[in-house]
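Written below as structure tokens is the structure these notes are about.
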Amino acid sequence: MTMLRRTALAAGLAGLTALLGAAPAAAQTEITVQHPLPTANSHYGAGAMAFKETLERLSNNRYRVTIQRNDNEREMIESVQIGTLDFTITSTGPVGNFVPEVRTVDVPFLFRDYAHARGALDSPIGQEILAKFQARGLVGVIWMENGFRHLTNSRREVNTPADIRGLKVRTMENQVHMRAFSTLGALPTPMAFSELIPALQQGTVDGQENPIPVIVANNINQVQRYLTLTGHVYSPALLIGSPALWGRLSAADRAIFLQAAQAGRDANRAKVTADEQSGVDELRRRGMTVTTSVDTAQFQTALAAAFTQYERELDGNLLRRLRDWK
């Protein structure tokens, strides 16, 4: 065999070896998950990372997950709907505009505590709501959470419902939340989360409402002085998937994705619990004035007119089932 032929054969074998070695990588499927909070220290980041690690491990890396931040929740949901994004973790705020039944879980003072909220949403009642997503071109995979929402503002301490009157409060694009603040005499101003910090800096709005983990992770203390632990509404979150992806999965792979989703939910909730325990002290340390003693009954009484509207406009039976879950 001539030197030239040996060189050509060696090159061919090297090329074949490289091609065979590349085969496993070609078999991998890239999955993208987007959520609106910083990944490193947020409860969404904890959930997304647990989803990623579990899915990659259970699939022997046939699926590789990329986590990205996108603080425009509506845009993410629309991307999942048309199939240009695989998954999003999002608050329920904008989801009601796509799946109206989700608005029910956003009613103020619906859930007594975390055990009630988590238990009800994990129960068949919560699964019934997730089943409604399919008709809207989405896959409701699993309930996650933000936590109980609290009020911050830059103008004054809020101790009673009367103190809220006249405040311009940023809300999510959520008619249920907006009605509650209107009923209390505030001026609800819906806007995307991506617009919140500039709006607070410029005085476009006086305040906002979010769970402690969101307030901490986004340094809202830098643009707000007063925090009141109103706990006025439990804020769920959702892992939503693309039907384009979900429909292609085998039954075995779908089971793996669901296991990964459960791991993500558990990590997300654990982070919320940890942040709730340490977050208020951290916000005090950062200089916020915190009002901890809130007469919940006063707020419920002040919202009586809104509750009447919710019963009429939403699914009253579903509201009662969620409220009475034990």
Side-chain angles (χ1 to χ4, degrees), residues 72-74 90-111 117 146-212 214-215 220 223-237 291 294-316 318-320 322-323:
N72 190 321
E73 292 179 304
R74 175 182 280 274
T90 175
S91 69
T92 52
V95 179
N97 298 312
F98 297 83
V99 185
E101 292 83 358
V102 169
R103 292 174 181 155
T104 307
V105 302
D106 291 325
V107 167
F109 301 109
L110 177 63
F111 298 108
N146 278 297
F148 281 89
R149 303 180 78 86
H150 305 288
L151 180 69
T152 72
N153 81 98
S154 57
R155 288 180 56 186
R156 56 178 174 263
E157 290 187 43
V158 170
N159 296 287
T160 68
D163 297 326
I164 294 178
R165 186 169 298 278
L167 289 179
K168 294 179 289 184
V169 179
R170 176 269 175 182
T171 68
M172 295 188 287
E173 298 172 72
N174 182 313
Q175 292 296 324
V176 174
H177 289 187
M178 292 170 66
R179 172 167 287 121
F181 279 97
S182 293
T183 303
L184 293 172
L187 303 171
T189 306
M191 64 178 66
F193 189 78
S194 56
E195 303 170 22
L196 173 58
I197 299 300
L200 292 170
Q201 289 172 329
Q202 296 161 14
T204 307
V205 292
D206 302 312
Q208 61 86 54
E209 44 88 52
N210 259 304
I212 296 299
V214 176
I215 296 170
I220 288 176
V223 287
Q224 297 275 265
R225 179 176 176 184
Y226 302 104
L227 165 64
T228 302
L229 301 183
T230 48
H232 52 276
V233 67
Y234 172 77
S235 176
T291 300
V294 176
D295 188 340
T296 299
Q298 278 193 43
F299 280 87
Q300 291 175 315
T301 299
L303 287 170
F307 291 141
T308 300
Q309 288 283 92
Y310 298 144
E311 289 281 348
R312 184 164 58 245
E313 295 178 3
L314 301 173
D315 185 334
L318 179 57
L319 273 174
R320 286 186 289 276
L322 287 167
R323 186 179 289 120

Between CG of Leu227 and NE2 of His150, what distance do you get to the nearest 0.5 Å? 7.5 Å
Can you name the nearest heavy-atom pair linking Phe299 to Asn159, along with the distance? CE1-O, 4.4 Å
Among all residues two or more places apart in sequence or in another chain, which pass the salt bridge (Lys or Arg N to Asp or Glu O under 4.0 Å) test with Arg74? Glu78, Glu173
Anything under 3.5 Å between a donor and an acceptor, one on a side chain of residues 184-191, the other on a protein residue two or more places apart or in another chain? List them.
unit_1 : atom_1 : unit_2 : atom_2 : d
Thr189 : OG1    : Leu187 : O      : 3.3

For Arg323, enumerate each residue passing the salt bridge (Lys or Arg N to Asp or Glu O under 4.0 Å) test, keeping only those at least two apart in sequence or located in another chain. Glu311
Quick one: ring pair (Phe, Tyr, Trp, His ring centres under 6.0 Å) pairs with a partner in residues 182-211, sequence neighbours left out? none
Any donor-acceptor N or O pair under 3.5 Å, side chains Thr92, Asp106: yes
Which atoms form the tightest heavy-atom contact between Leu110 and Val105, and what is the distance? CD2-CA, 3.9 Å
When rounded to the nearest 0.5 angstrom, what is the spacing between CG in Asp315 and CZ in Arg320? 8.0 Å
Set of residues satisfying side-chain hydrogen bond (donor to acceptor under 3.5 Å, both in side chains) with respect to Asn153, sequence neighbours excluded: none
Quick check against the 3.5 Å criterion: does Arg149 have a side-chain atom that pairs as donor or acceptor with the backbone of Ser235? no
Asn146 to Pro236 - nearest heavy-atom pair and separation: ND2-O, 3.6 Å
Test of understanding: with side-chain hydrogen bond (donor to acceptor under 3.5 Å, both in side chains), list the residues that count as partners of His232, not counting sequence neighbours. Glu209, Thr230
Nearest-0.5 Å distance that lies between atom CZ in Phe181 and atom CG in Leu303: 9.0 Å
Would you say that Asn174 contacts Val95 through its side chain, given a criterion of any heavy-atom pair below 4.5 Å between the two side chains? no
Intermediate values then yes/no, side chain to side chain contact (heavy atoms under 4.5 Å, CB included), Val158 and Leu167: CA-CA 10 Å; Val158 170; Leu167 289 179; 4.2 Å; yes
If the condition is side-chain hydrogen bond (donor to acceptor under 3.5 Å, both in side chains), which residues does Thr152 pass it with, not counting sequence neighbours? Gln208, Gln224
Return the CG to CZ distance between Leu314 and Arg103, rounded to the nearest 0.5 Å. 8.0 Å
Results of ring pair (Phe, Tyr, Trp, His ring centres under 6.0 Å) for Phe109 - residues two or more places apart only: none
Leu200/Val205 under side chain to side chain contact (heavy atoms under 4.5 Å, CB included): CA gap, chis, key distance, verdict: CA-CA 6 Å; Leu200 292 170; Val205 292; 3.6 Å; yes
Test side chain to side chain contact (heavy atoms under 4.5 Å, CB included) applied to Val294 and Thr228, step by step: CA-CA 8 Å; Val294 176; Thr228 302; 3.7 Å; yes
Whether over 12 other heavy atoms sit under 6.0 Å from Arg225 CZ: no
Spell out, as yes or no, whether a donor-acceptor pair under 3.5 Å connects the side chain of Glu73 to the backbone of Ser91. yes
For residues 176-188, the salt bridge (charged side-chain N to carboxylate O under 4.0 Å, His left out) pairs (sequence neighbours left out) are Arg179-Glu313
Contacts of Asp295 that satisfy side-chain hydrogen bond (donor to acceptor under 3.5 Å, both in side chains) - sequence neighbours left out: Gln298
All pairs passing side-chain hydrogen bond (donor to acceptor under 3.5 Å, both in side chains) where residues 160-170 contributes a residue, at least two apart: Thr160-Asp163
Pairs in or reaching into residues 192-206: which pass side-chain hydrogen bond (donor to acceptor under 3.5 Å, both in side chains), with residues at least two apart or in two chains? Arg155-Asp206
Just wondering, do Pro108 and Val176 contact through their side chains at under 4.5 Å, heavy atoms? yes
With rounding to the nearest 0.5 Å, note down the distance linking CZ in Phe111 to CG in Leu322. 5.0 Å
